[in-house]
Amino acid sequence: NDLGRALNMLSMRYPSVIKDTATAALFLVDCQRLDLDPLIQPAEAVPVAFTSKKGGHEKTTISMIITSDGWLSMSARGCHEDYLGPPKCMRLEDYLSSLEENKGRPYEEIQKIAQDIKKSETEDPEAWYCVAVGKRRGGDEAVCYGGFTHEELQKAKSNRLPAASAPGNQARRRAIKHWVRDVFPECRQRMIEVTSEWMRRSEGIREAQTYIDAEYSFIE
């Protein structure tokens with residue numbers, strides 16, 4: 001049946017993360033609740049596992065990385081009547097250069113403005129930083145930011161997370177997910193409900209709860 005095929009595909013695609021049918025089924029249910037498809041290419045949601053071995057007992061919990069395509073699909077499928085397409089995404093420097101008040105300003109000055117913004121927002125003036133600009137039907141244009149610091153890059157490398165290999169894409173993804181949160185509050189509410197469950201499931205696994213908080217606390 002379709003569910004059986006989906007479970008098998010998920011286990012084959014992520015053998016180091018999905019190790020049993022129950023885990024695969026729970027992950028698929030979470031994806032369905034968020035209108036995400038983890039089996040298409042590129043995937044809209046990727047499972048990530050965290051394990052604790054405290055007290056001689058091993059406990060594993062599964063969370064997910066929602067890709068840029070995933071965030072956009074969540075809003076497109078869940079709010080299809082109001083979805084006008086993805087936002088324009090660009091580096092902070094390019095966004096600042098496009099503003100009317102910065103026309104003719106030397107690029108060195110644009111870089112300095114960008115560094116000041118990055119330092120104020122992330123405490124890292126050299127962070128990767130992107131801007132997403134767009135709106136929903138009948139709404140005002142929203143300008144949303146997403147950054148990724150060098151400290152976060154080191155943590156991603158230590159935990160062997162996908163963000164370690166593409167920090168610029170991580171900043172873009174964060175800009176898009178902030179845009180989805182602000183422009184489509186319906187998606188935000190679903191995320192609040194699901195992430196609350198993830199926190200309960202991961203009780204006792206500090207790395208998992210740290211990851212969930214860092215990745216999704218923006219929705220609150």
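In this text the structure is predicted, and so the values were computed from the model without any measurement. The figures here come from the full heavy-atom set of this structure, side chains too, leaving out hydrogens, waters and symmetry mates. FYI, the numbering just counts along the sequence from 1.
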Ion pair present between Lys119 and Glu123, side-chain N to carboxylate O less than 4.0 angstrom? no
For the side chain of Thr67 and the backbone of Gly70, is there at least one donor-acceptor N/O pair under 3.5 Å apart? yes
Any sub-3.5 Å donor-acceptor pair from Arg13's side-chain atoms to Pro38's backbone N or O? yes
Residue pair Glu93, Lys118: steps toward the salt bridge (Lys or Arg N to Asp or Glu O under 4.0 Å) verdict: CA-CA 11 Å; Glu93 291 82 355; Lys118 294 174 187 179; 2.9 Å; yes
Over all atoms of both residues, closest heavy-atom pair of Pro47 and Ile62: CB-CG2, 4.0 Å
Working for side chain to side chain contact (heavy atoms under 4.5 Å, CB included), residues Val180 and Arg188: CA-CA 8 Å; Val180 171; Arg188 171 180 173 271; over 6 Å; no
For Lys155, is there an ion pair with Glu207 - N to carboxylate O distance below 4.0 angstrom? no
Give the minimum heavy-atom separation between Met64 and Leu34, together with the two atoms involved. SD-CD1, 4.2 Å
Whether Tyr145 and Tyr95 hold their rings parallel, tilted or perpendicular, with breakpoints at 30° and 60°: perpendicular
Between Glu126 and Gln115, a side-chain donor and acceptor under 3.5 Å: yes
Geometric class of the Phe50/Tyr211 ring pair [parallel <30°, tilted 30-60°, perpendicular >60°]: tilted
Once you measure the plane-to-plane angle for Phe184 and Trp179, does it fall in the parallel (<30°), tilted (30-60°) or perpendicular (>60°) bin? perpendicular
Contacts of Ser73 that satisfy side chain to side chain donor-acceptor pair (under 3.5 Å) - sequence neighbours left out: Glu44
Please name the pair of heavy atoms, one in Ala24 and one in Leu10, separated by the smallest distance, quoted to 0.1 Å. O-CD2, 3.7 Å
Partners of Arg105 by salt bridge (Lys or Arg N to Asp or Glu O under 4.0 Å), sequence neighbours excluded? Glu109
Could you go through residues 135-143 and list every donor-acceptor pair under 3.5 Å that involves a side-chain atom there, pairing it with any protein atom two or more places apart or in another chain?
{"residue": "Arg136", "atom": "NH1", "partner": "Val183", "partner atom": "O", "Å": "2.9"}
{"residue": "Arg136", "atom": "NH1", "partner": "Glu186", "partner atom": "OE1", "Å": "3.2"}
{"residue": "Arg136", "atom": "NH2", "partner": "Asp82", "partner atom": "OD2", "Å": "2.7"}
{"residue": "Arg136", "atom": "NH2", "partner": "Glu186", "partner atom": "OE2", "Å": "3.1"}
{"residue": "Arg137", "atom": "NE", "partner": "Glu81", "partner atom": "O", "Å": "2.9"}

Does a side chain donor of either Thr60 or Thr51 reach within less than 3.5 Å of an acceptor in the other side chain? yes
